[in-house]
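First up is the structure itself, then whatever we jot down about it.
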Amino acid sequence: MDLIGLLKSQFLCHLVFCYVFIASGLIINTLQLLTLVLWPINKQLFRKINCRLCYCISSQLVMLLEWWSGTECTLYTDPRAYSKYGKENAIVVLNHKFEIDFLCGWSLAERFGILGSSKVLAKKELAYVPIIGWMWYFTEMIFCTRKWEQDRRTVATSLMHLRDYPEKYFFLIHCEGTRFTEKKHQISMQVAQAKGLPSLKHHLLPRTKGFAITVRCLRDVVPAVYDCTLNFRNNENPTLLGVLNGKKYHADCYVRRIPMEDIPEDDDQCSAWLHKLYQEKDAFQEEYYRTGVFPETPRVPPRRPWALVNWLFWASLLLYPFFQFLVSMVSSGSSVTLASLIVVFCMASVGVRWMIGVTEIDKGSAYGNIDNKQKQSD
């Protein structure tokens with residue numbers, strides 16, 4: 001390992017990133033809370049301000065991927081469609097196999113200039129997570145309980161609120177509902193067999209109701225669906241811990257722009273269309289494993305400097321008082337103070353590892369593993 005690589009893997013660097021992210025995140029959450037007074041006065045101004053505040057948080061994670069890790073994502077896409085990316089609203093259907101696939105989606109949104117306003121369909125529990133979850137709440141993210149009878153009305157209502165959103169956005173949806181594992185895949189294919197659906201080799205069976213209701217509610221304001229199929233070269237297994245350690249990954253993403261008018265309006269036909277889409281995605285993945293490339297023309301969207309500038313701003317604002325506090329603690333010479341400082345650092349280490357562990361595939365959602373859940377209809 002070279003000197004820079006060794007430096008990037010040190011806990012002190014991780015602690016700096018963690019401190020800047022948490023401190024700036026709590027400050028931004030407080031600012032978002034204060035903007036609530038604007039909602040009854042000027043809702044669109046409230047939204048625009050919160051898009052910028054959201055960017056201040058989410059771009060810090062993108063900075064780790066693009067500038068600290070140096071990970072690049074090559075797009076394989078039709079050049080005629082490429083010119084429209086970032087200039088229109090889109091529903092983005094992304095496979096859910098890797099620990100950092102969401103981060104790659106954020107990176108693409110950043111490179112097309114719409115990271116702050118982009119949305120995801122996320123589980124409701126995330127709304128209560130400090131910083132990220134609270135940030136999403138103020139940017140009108142769509143949360144679901146994964147219980148269709150409860151979600152049918154609340155998700156539709158939330159989606160309808162996005163029809164007059166003032167900023168361009170990607171609406172990211174993982175139709176598989178949970179990350180791919182061999183155990184979940186085995187259960188999912190048993191369900192496919194019971195329903196008479198073709199088996200998938202590289203994906204779980206898509207859950208169609210969330211996609212169908214998203215298309216129905218956003219049809220007139222979202223002109224296209226972007227079908228994104230992500231993979232990593234040389235059988236790389238990317239992790240958030242690897243990104244934090246500065247490890248560079250090489251992502252390839254095949255993006256197809258599908259006009260909304262090509263997607264059936266009827267819910268049953270829309271569900272059948274989505275199943276067919278995942279069969280095509282499976283074929284693309286199989287071809288990638290065989291040849292190492294996706295179809296269409298490869299392009300690397302240019303990296304923008306603003307994620308790095310944002311992080312440097314918060315670091316310069318927050319690190320000086322932090323290090324000044326550390327120096328005063330150490331120079332005090334008190335054994336109790338020093339012991340307390342060591343305990344705090346140990347707790348911070350455990351906290352960082354815990355937050356990273358939440359993203360690990362083997363510690364992910366049990367959604368799709370439980371028999372009574374996998375027997376439910378789409």
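Around the NZ atom of K124, the shell of radius 6.0 Å holds no more than 12 heavy atoms that belong to other residues, nucleotides or ligands. Enclosure of atom CG in D262 by more than 12 non-hydrogen atoms of other residues, nucleotides or ligands within 6.0 angstrom is indicated.
In this structure, L172 and S118 have side chains that are not in contact, with every pair of non-hydrogen atoms separated by 4.5 Å or more. When side chains are defined from C-beta on, H202 does not count as touching T229, because their heavy atoms never get closer than 4.5 Å. In this structure, E110 and R304 have side chains that are in contact, with non-hydrogen atoms separated by less than 4.5 Å. In this structure, the side chains of D101 and F180 stay at 4.5 Å or more apart for every pair of heavy atoms. A 4.5 Å side-chain heavy-atom check between F98 and N231 finds at least one atom pair inside the cut-off. With contacts defined as side-chain heavy-atom distances shorter than 4.5 Å, the pair Y165/S117 qualifies. By the 4.5 Å heavy-atom criterion applied to side chains, L205 and H275 are counted as neighbours. Counting only heavy atoms from C-beta outward, the side chains of I132 and F21 approach each other to under 4.5 Å.
With hydrogens and angles disregarded, no donor-acceptor distance shorter than 3.5 Å links the side chain of H203 to the backbone of E176. For the pair Q10 (side chain) and L6 (backbone), a donor-acceptor distance under 3.5 Å is present. Looking only at distances, a side-chain donor or acceptor of Q60 sits under 3.5 Å from a matching main-chain atom of C56. Side chain of E287 to backbone of G292: no donor-acceptor contact under 3.5 angstrom is found. Side chain of T74 to backbone of P298: no donor-acceptor contact under 3.5 angstrom is found. Put simply, the side chain of W106 never gets that close to the backbone of L115: no donor and acceptor are under 3.5 Å apart. Of the possible donor and acceptor atoms, one in the side chain of H174 sits under 3.5 Å from a partner among the backbone N and O of L94. Judged purely by atom type and a 3.5 angstrom limit, H185 uses its side chain to pair as donor or acceptor with the backbone of L200. In terms of modelled atom types and a separation under 3.5 Å, the side chain of K119 and the main chain of I142 share no donor-acceptor contact. Side-chain atoms of N42 never come within 3.5 Å of backbone atoms of L38 as a donor-acceptor pair (strictly under, hydrogens ignored).
Remark: L308 engages M63, W67, L312 in a side-chain contact (heavy atoms from CB on, under 4.5 Å) (not counting sequence neighbours). Evaluation of the side-chain contact (heavy atoms from CB on, under 4.5 Å) rule for A156 yields I213, C217 as partners, not counting sequence neighbours. Every residue two or more places apart in sequence or in another chain that forms a ring-ring contact (aromatic ring centres under 6.0 Å, His included) with Y226 is listed here: Y85, F170.
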Item checked: Worked check of side chain to side chain contact (heavy atoms under 4.5 Å, CB included) between E182 and Q186 -> CA-CA 6 Å; E182 290 302 328; Q186 182 180 7; over 6 Å; no
Checklist line | Chi angles and distances behind the side chain to side chain contact (heavy atoms under 4.5 Å, CB included) call for T214, V222 | finding: CA-CA 10 Å; T214 301; V222 173; over 6 Å; no
Next item on the list: Could you check R47 against D164 for salt bridge (charged side-chain N to carboxylate O under 4.0 Å, His left out), going step by step and ending with a plain yes or no?
Entry: CA-CA 11 Å; R47 287 169 155 176; D164 65 343; 2.9 Å; yes
Next item on the list: Show the numbers, then the answer: is there a side chain to side chain contact (heavy atoms under 4.5 Å, CB included) between N89 and F171?
Entry: CA-CA 8 Å; N89 297 331; F171 186 87; over 6 Å; no
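The list of ring-ring contact (aromatic ring centres under 6.0 Å, His included) pairs with a residue in residues 115-137, not counting sequence neighbours, is empty. Sequence neighbours left out, the pairs with a member in residues 66-76 that pass salt bridge (Lys or Arg N to Asp or Glu O under 4.0 Å) are E66-R111, E72-R111. Under the salt bridge (Lys or Arg N to Asp or Glu O under 4.0 Å) criterion, the residue pairs touching residues 236-254 are R233-D252, with sequence neighbours excluded.
Remark: K281 qualifies as a cation-pi partner of Y278 under the 6.0 Å distance and 45° angle criteria applied to the six-membered ring.
One distance of note links CD of E125 with OG1 of T145; it measures 8.5 Å at 0.5 Å rounding.
Y254 has its ring centre no less than 6.0 Å from the ring centre of Y76. Remark: aromatic rings of W306 and Y55 are distant, center separation not under 6.0 Å.
Here D78 does not pair with R257 in a salt bridge; the nearest charged N to carboxylate O distance is not below 4.0 Å. Using a 4.0 Å cut-off between a side-chain N of Lys or Arg and a carboxylate O of Asp or Glu, E280 and K276 qualify as a salt bridge.
With respect to Q32, the side-chain contact (heavy atoms from CB on, under 4.5 Å) criterion is satisfied by exactly one of I27, N50, I49: N50.
Here the closest heavy-atom approach between residue V92 and residue C228 is recorded as CG1-SG, 3.6 Å.
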